[in-house]
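The structure appears below as structure tokens.
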Amino acid sequence: MHVGIDVSATRGFDIAALDDDRRLVLLAKARDLDAAAVIARGLPSESVIAVDAPPAPSRGLVAGGKRFRVAEEELHKLGVSLYPVPPDDAEPSSWMREGYALFEVLAKAGFPVFLEGPARASVSIEVYPHLTYRTLSGTVRGKLSKIEWSRAALRRRVSGVQKDATQDQLDAVAAALTAWYFAHDRWVGYGDPREGVIFAPLAEDREEAPVGQDQLSLAIETGGPMGSIAAAGTREISFADRVLRLVSHIPLGRVATYGDIARACGNPSGARAVGTILSGHAFEVPTHRVVDARGLPSPAFGGGPGVQLERLASEGVRIEGGRVDLAACRWSPA
DNA sequence: CGTCTGACTGCCC
DNA sequence: TGGGCAGCCAGAC
């Protein structure tokens, strides 16, 4: 059985299971860890369980004294942004703590975390549904809503998914599908086995590629709505595309202002429009790395400006008196 | 198409 | 310093 679990601190665990023919055979909700443990113990022992959450804190293995994990850095280089997992001494998000606890429960139920070696059954793995959607569809989200994009990536790859499935449920299915790819030895791992590895499918039409990397960068550099930065000067690519493309390249640990982005995209007075654009793409691009000209976070940031500052702090950005230290952390697009 | 609404900025007290 | 304010640009009806 190939199982996927979507972790949410407030909404509980969504659990999906696929059989070997990728039919959805189970879609359940577990309110808390105990309920999840009961379901886990009922699974066939040769199952693979994919969880949308990290199993452990960062161990600071990235060069340069950064605090996030190697997995985050590797994916960032591919243009995929995700929540940085902080080291032990920092406060993780509540859903990350749920993840740590869940992986412990799964280990006790007979599914220890898999980190390296040949793929095998009876393990749990960390996955990232957004990465799975992106690898499978070969494109970035574009104009589709997140849920439409998710559904499109799963269509024809999984059967039995209800039309009215929630985003959490689709993410659980995506995780289960990733477990299926893992069990069928078509997978890619990102990160360092000593602290945590994120697994993704190897897209079917490029099985020879060493990693999903070609697939991903291809999506960025060509067809996708993100367009190419090389062509940024031409009218061919919209302002919005250039903005998203550029923001996706702000390094971890650095920030840019709305004005910086606008200027670099050839529209010096478009700072306000940059905000408008970012507000619609908070999930796929690290929008928390964009602050206003004084270093202040956005009052409308998802979860509140405090959350934006917390995420920046966990990435190593210096915060002082509720604003980021622009002099120290400002990134200039070159 | 106009009109309205912001995850903005710089300038003026 | 910091608040007020008038431009500004891209999306959403």
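Just so you know, these numbers come straight off a predicted model, no measurement behind them. Chain naming here is simple, since letters A, B, ... match the order of the sequence lines and numbering starts at 1 in each.
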Check your understanding: Counting side-chain heavy atoms from C-beta on, which of dG7(C), dG11(C), dT9(B) comes nearest to Tyr258(A)?
Key -> dT9(B)
Check your understanding: Going by atom types alone, do Ser45(A) and Ser122(A) pair a side-chain donor with an acceptor below 3.5 Å?
Key -> no
Exercise for review: Show the numbers, then the answer: is there a ring pair (Phe, Tyr, Trp, His ring centres under 6.0 Å) between Tyr190(A) and Tyr128(A)?
Suggested key: CA-CA 11 Å; Tyr190(A) 301 93; Tyr128(A) 181 41; over 10 Å; no
Review point. Roughly, in whole Å, what's the span from CG in Asp292(A) to C1' in dG10(B)?
Key: 12 Å
Exercise for review: Just call it for Thr287(A): base, sugar-phosphate, or nothing, with non-hydrogen atoms closer than 4.0 Å on any strand.
Suggested key: base
**Study point:** Sugar-phosphate, base or nothing in reach of Ala282(A), heavy atoms under 4.0 Å
**Key:** base
Check your understanding: Expressed in angstrom and rounded to an integer, what is the separation of Gln308(A) atom CD from dA7(B) atom C1'?
Key -> 8 Å
Check your understanding: Base, sugar-phosphate, or nothing for Ala273(A), non-hydrogen atoms under 4.0 angstrom?
Key -> base
Study note, to complete from the structure: To the nearest angstrom, the CD1-P distance between Ile261(A) and dC9(C) comes to 18 Å
Review point. What nucleic acid atoms does Ser279(A) come within less than 4.0 Å of, heavy atoms only: base, sugar-phosphate, or nothing?
Key: base
Review point. Could a donor-acceptor pair under 3.5 angstrom be found where the side chain of Thr276(A) meets the base of dG11(C)?
Key: no
Study note, to complete from the structure: Closest to the side chain of Arg272(A), out of dG11(C), dG7(C), dA7(B), is dG7(C)
Review point. To the nearest angstrom, how far is Phe239(A) atom CZ from dC8(B) atom C1'?
Key: 11 Å
Revision key, fill the gap. Taken to the nearest whole Å, CG/Leu296(A) to P/dG10(B) is 13 Å
Check your understanding: With a distance cut-off below 6.0 Å to the six-membered ring centre and an angular limit of 45° from the axis, does Lys146(A) pair with Phe283(A) as a cation-pi contact?
Key -> yes
Practice item. Carefully, step by step, assess Glu74(A) and Lys77(A) under the rule salt bridge (charged side-chain N to carboxylate O under 4.0 Å, His left out). Key: CA-CA 5 Å; Glu74(A) 288 183 356; Lys77(A) 284 182 186 153; over 6 Å; no
Check your understanding: Rounded to whole angstrom units, what separation is found between the CG atom of Asp260(A) and the C1' atom of dG10(B)?
Key -> 15 Å
Review point. In terms of ring plane angle, is the pair His2(A) and His184(A) parallel, tilted or perpendicular, where the classes change at 30° and 60°?
Key: tilted
**Study point:** Distance, rounded to the nearest Å, where Asn267(A) contributes CG and dC8(B) contributes P
**Key:** 15 Å
**Study point:** Side chain of Ser269(A) (C-beta onward), nearest among dA10(C), dA7(B), dC9(C)
**Key:** dC9(C)
Review point. Nearest-Å distance, CD1 (Ile277(A)) to C1' (dC9(C))?
Key: 8 Å
**Study point:** Nearest-nucleotide 5' precedence on DNA chain B, Arg263(A) against Ala300(A)
**Key:** Ala300(A)
